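None of the values given here were measured: they were computed from a predicted structure. Lettering follows sequence order; numbering is per chain, from 1.
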Amino acid sequence: MLDPRFIRENPDLVKKAIQDKGEKTDLDQFFRLDQEWRDLLKKGDAFKHERNQVSKEIALLKKEGKEAEGGIQQMREVSEKIQALDGKIKELEEKRVEILTWIPNIPHPSVPVGGEKETKVIREWGEKGKFDFEPLPHWELGESLGILDFKSASKVAGAHFTTYKGLGARLERSLINFMLNLHTQKHGYIEVFPPFLINRPSMFGTGQLPKLEEDMYHLELDDLFLDPTAECPVTNLHREEILKEEDLPVRYTAYTACFRREAGSYGKETRGLLRVHQFNKVELLQLTFPEKSEETLEKILRDAEEVLKLLKLPYRVVLLPTREMSFASNKTYDIEVWAPGVKKYLEVSSVSNFTDFQARRANIRFRRRRATATEFVHTLNGSGLATPRTYAALLETYQEKDGSVVIPEVLRPYMDGVEKIE
RNA sequence: GGAGAGAUGGCCGAGUCCGGUUGAAGGCGCACGACUCGAAAUCGUGUAUCCCUCACGGGAUCGUGGGUUCGAAUCCCACUCUCUCCGCCA
């Protein structure tokens, strides 16, 4: 959510952001409602002031045992007016906030304007391996090795789910542990293990609601959502809080399962592990000072890249253009790992600076030492990393001609020394 | 799921029966100042948030939402959450 005052003062900037992000929010309607709301608010406050004054007088008179019927009569009328006004004010306020929640965050000036074509490659890392045989896609490798089983998963849950088996399950768990250890031990994050079910106010807080309701699994009976990304539960750990200066920056890393309906995203890129309804992800998240968020974005990006470097998986970093980034984001980098079997770069991480957008919705503030005013923190997060596509790239990159897969060295301690799956 | 207790400012905690100068006593914490070579201790002062307004000022908020009333932290209703006990259960 943007600051209404900022919107009033920078209507053109906000309009441009709406346009650049491909949203359709009616800003003029917002201004009409906002003005009307403020006018009525002023009127209502004047009546309330009168009521408060006279009520005090009545209290005094009563205390002295005197008659106060005149004032009471007068206030009866005023109260009716207040009630009528309050009704209208509330209605306007709701409409106003409704529009407010549909205004996206403003993209950073460095973000290219436009759609997918404008995606900018920032850097590439690693040598794409040369194979003296035709590398297989991970689903073929996984099934022939007996470590990935899509059939049994579909029996249990449906299409686009996976069962990991044997050393395959072990490999998945190793990846998660490796990443968590890296981020907690080398990068200074505190590990958290949050709930996987999330309530409506929290989902609003991080900006998934109202826009993405259809993309999430929802438990109707309890009105809870299945965690689509650890960003949701972890950011909301601090919802409605005022942090102290010394609490910042807050750095969390969290493993969670992630659940996404992926409604409407059929087509290509859906085979094997490329697009699944349930996956594992280790997330990096920071709450920080407004003046620090830009450098923090770069830091989180590096922390996430480190995972691929250690796994020795070639990747590239891209800067998303305005239409590709999320509603709440100010600037987003994607990390894409090279998967030689499917011969594609696969998105394994999305690293975003949300500036104060989520903090305002979730009401996460901080106070500087010696300051009286509160400020909104800046929230940032990035996957560090999502496992399915990392797993896919790993199988495809480390495959041998005989269909076996070598375990990257950094993972071997987590695999009890297993060097190869065959 | 059943029974009971509770939800008040950064924290603890009065006030709620008997509605009225209570945005809220007291304490802790924190900030500033005095004392001190410095510190501790002590003393003094200050210390919720949000909204409207250029400002003066005004309004709102005592878990959330309704209601009663001229007036609600205080009365009524619903809901949410926390704690204790019982039941059930991975």
Side-chain angles (χ1 to χ4, degrees), chain A residues 1-10 30-101 193-205 209 219-225 233 236-248 250 257 287 356 359-377:
Chain A
M1 197 151 70
L2 296 177
D3 182 358
R5 247 174 285 183
F6 175 86
I7 299 172
R8 275 178 219 136
E9 284 161 21
N10 304 279
F30 170 78
F31 285 125
R32 276 192 294 276
L33 289 167
D34 186 55
Q35 189 56 51
E36 203 182 335
W37 171 73
R38 279 189 292 167
D39 290 344
L40 287 187
L41 199 64
K42 218 181 280 183
K43 251 194 201 169
D45 281 357
F47 281 126
K48 284 181 186 171
H49 178 55
E50 185 182 354
R51 183 180 66 185
N52 288 345
Q53 289 303 112
V54 177
S55 281
K56 271 182 200 168
E57 286 165 25
I58 293 171
L60 275 175
L61 287 173
K62 289 251 182 178
K63 208 169 193 179
E64 291 166 20
K66 288 183 186 158
E67 185 59 41
E69 219 23 68
I72 289 174
Q73 274 305 330
Q74 187 195 340
M75 282 310 98
R76 211 163 270 161
E77 283 170 37
V78 172
S79 276
E80 267 169 40
K81 283 183 195 160
I82 289 174
Q83 207 162 20
L85 272 173
D86 271 352
K88 277 187 213 157
I89 290 169
K90 199 181 165 192
E91 206 177 300
L92 283 168
E93 170 76 30
E94 275 166 14
K95 283 191 200 157
R96 190 185 87 112
V97 169
E98 161 78 13
I99 297 182
L100 209 51
T101 62
F193 198 119
F196 289 4
L197 294 180
I198 301 158
N199 60 24
R200 201 167 270 280
S202 296
M203 280 306 189
F204 177 82
L209 292 178
L219 303 169
E220 205 173 337
L221 219 52
D222 299 291
D223 197 21
L224 292 168
F225 296 87
N236 280 290
L237 295 177
H238 292 288
R239 189 157 53 85
E240 310 288 340
E241 280 184 13
I242 300 174
L243 300 163
K244 292 186 189 132
E245 178 171 351
E246 55 268 34
D247 294 334
L248 298 182
V250 173
L287 309 180
D356 61 357
R360 184 168 280 111
R361 286 186 166 227
N363 203 18
I364 307 172
R365 291 168 291 169
F366 75 102
R367 198 193 322 267
R368 292 180 205 268
R369 230 185 303 269
R370 250 163 266 192
T372 49
T374 58
E375 299 171 58
F376 288 104
V377 300

Asker: For atom C1', what is the distance between B:U21 and B:C17, given to the nearest Å?
Answerer: 23 Å
Asker: If we call it a pair only when both distances are under 3.5 Å in a Watson-Crick or G-U wobble match, what pairs with B:C43?
Answerer: B:G33
Asker: How does protein reach along nucleotides 62-70 of chain B, written 5' to 3' as B (base within reach of a heavy atom under 4.0 Å), S (only sugar-phosphate), or - (no contact)?
Answerer: ---SS---B
Asker: Considering only atom P, compute the distance from B:C28 to B:U42 and round it to an integer number of Å.
Answerer: 9 Å
Asker: May I ask which nucleotide in the shown strands pairs with B:G19, Watson-Crick or G-U wobble, both distances under 3.5 Å?
Answerer: none
Asker: Once you round it to whole Å, what is the distance between C1' of B:C51 and CZ of A:Arg360?
Answerer: 14 Å
Asker: Quick one: side-chain contact (heavy atoms from CB on, under 4.5 Å) partners of A:Leu41, sequence neighbours excluded?
Answerer: A:Trp37, A:Asp45, A:Ile89
Asker: Closer to the 5' end of RNA chain B via nearest nucleotide, is it A:Leu60 or A:Arg8?
Answerer: A:Leu60
Asker: In this structure, how many angstroms lie between the P atom of B:U80 and the CZ atom of A:Arg200, rounded?
Answerer: 15 Å
Asker: Can you check the A:Glu240 CD to B:C81 P distance for me, whole Å?
Answerer: 16 Å
Asker: Between B:A34 and B:G27, how far is it from one C1' atom to the other, in whole Å?
Answerer: 23 Å
Asker: Please state the P separation for the pair B:G46 and B:G26 - nearest whole angstrom.
Answerer: 11 Å
Asker: Could you give the CD-to-P distance, from A:Glu246 to B:G10, as a whole number of Å?
Answerer: 15 Å
Asker: Which one is paired to B:C28, where only Watson-Crick or G-U wobble pairs with both distances under 3.5 angstrom count?
Answerer: B:G10
Asker: With 3.5 Å as the limit, what N/O pairs link the protein to nucleotides 88-90 of chain B?
Answerer:
none

Asker: Taking all non-hydrogen atoms of both residues into account, name the closest pair between A:Gly205 and A:Arg361 and its distance.
Answerer: O-CB, 3.4 Å
Asker: Between side-chain atoms of residues 237-244 of chain A and protein atoms elsewhere (two or more places apart, or another chain), which donor-acceptor pairs fall under 3.5 Å?
Answerer:
| unit_1 | atom_1 | unit_2 | atom_2 | d |
| --- | --- | --- | --- | --- |
| A:His238 | ND1 | A:Glu241 | OE1 | 2.8 |
| A:His238 | NE2 | A:Tyr252 | OH | 2.8 |
| A:Arg239 | NE | A:Ser202 | OG | 3.4 |
| A:Arg239 | NE | A:Asn236 | OD1 | 3.3 |
| A:Arg239 | NH2 | A:Ser202 | OG | 3.3 |
| A:Glu240 | OE1 | A:Asn363 | ND2 | 3.2 |

Asker: Kindly write out the residues that satisfy side chain to side chain donor-acceptor pair (under 3.5 Å) with A:Asp39, not counting sequence neighbours, or none if the list is empty.
Answerer: A:Gln35
Asker: Distances for protein N/O vs nucleotides 56-58 of chain B N/O pairs under 3.5 angstrom?
Answerer:
| unit_1 | atom_1 | unit_2 | atom_2 | d |
| --- | --- | --- | --- | --- |
| B:G58 | O3' | A:His49 | ND1 | 2.8 |

Asker: Could you work out, with salt bridge (Lys or Arg N to Asp or Glu O under 4.0 Å) as the rule, every residue matching A:Glu9, not counting sequence neighbours?
Answerer: none
Asker: Just the rounded figure in Å: distance from C1' of B:C50 to CH2 of A:Trp37.
Answerer: 10 Å
Asker: Return the nucleotide paired to B:U69: Watson-Crick means purine N1 to pyrimidine N3 with N6-O4 or O6-N4, wobble means G-U with N1-O2 and O6-N3, both under 3.5 Å.
Answerer: none
Asker: Give every residue pair that meets the salt bridge (charged side-chain N to carboxylate O under 4.0 Å, His left out) criterion with at least one member in residues 74-91 of chain A, sequence neighbours excluded.
Answerer: A:Lys48-A:Asp86
Asker: With respect to A:Leu100, which candidate in A:Leu2, A:Ile7, A:Asp3 satisfies the side-chain contact (heavy atoms from CB on, under 4.5 Å) definition?
Answerer: A:Ile7
Asker: With sequence neighbours excluded, tell me which residues meet side-chain contact (heavy atoms from CB on, under 4.5 Å) with A:Leu219.
Answerer: A:Leu197, A:Leu224, A:Leu226
Asker: Does A:Asp223 have any salt bridge (Lys or Arg N to Asp or Glu O under 4.0 Å) partners at least two apart in sequence or in another chain, and if so, which?
Answerer: A:Arg200
Asker: Using Watson-Crick or G-U wobble geometry with both distances under 3.5 Å, which nucleotide pairs with B:A3?
Answerer: B:U84
Asker: Using the P atom on both, measure B:A60 against B:A72 and round to a whole Å.
Answerer: 9 Å
Asker: Could you tell me which residues satisfy ring-ring contact (aromatic ring centres under 6.0 Å, His included) with A:Phe366, sequence neighbours excluded, listed by chain and number?
Answerer: A:Phe289
Asker: Say you pick atom C1' in B:A40 and the same atom in B:U49; how far apart are they, in whole Å?
Answerer: 35 Å
Asker: How many Å lie between CD on A:Glu9 and C1' on B:U53, as a whole number?
Answerer: 13 Å
Asker: Taking 4.0 Å as the cut-off, does a side-chain nitrogen or oxygen of A:Arg367 come that near to OP1 or OP2 on B:U49?
Answerer: yes
Asker: Does the A:Arg51 side chain pair with the main chain of A:Met75, one donor and one acceptor, at a distance under 3.5 Å?
Answerer: no
Asker: So, using ring-ring contact (aromatic ring centres under 6.0 Å, His included) as the criterion, who are the partners of A:Phe196 when residues are at least two apart?
Answerer: A:Phe193
Asker: With rounding to the closest Å, how many angstrom separate the C1' atoms on B:A25 and B:A14?
Answerer: 6 Å
Asker: Whom does B:A90 pair with, Watson-Crick or G-U wobble, provided both distances fall under 3.5 Å?
Answerer: none
Asker: B:G59 C1' sits how many Å from A:Leu40 CG, rounded?
Answerer: 14 Å
Asker: Can a side chain N or O of A:Arg365 be found less than 4.0 Å away from OP1 or OP2 on B:U49?
Answerer: no
Asker: Please report the distance separating the P of B:C89 from the corresponding atom of B:G4, rounded so that it comes out in whole Å.
Answerer: 24 Å
Asker: Considering Watson-Crick and G-U wobble pairs with both distances under 3.5 Å, what does B:C79 pair with?
Answerer: B:G63
Asker: Quick one: closest heavy-atom pair of A:Ile58 and A:Gly71, and the distance?
Answerer: CD1-C, 4.0 Å
Asker: Determine the minimum heavy-atom distance between A:Arg96 and A:Phe30, stating which atoms define it.
Answerer: CG-CE1, 3.6 Å
Asker: Could you give the NE2-to-P distance, from A:His238 to B:G10, as a whole number of Å?
Answerer: 16 Å
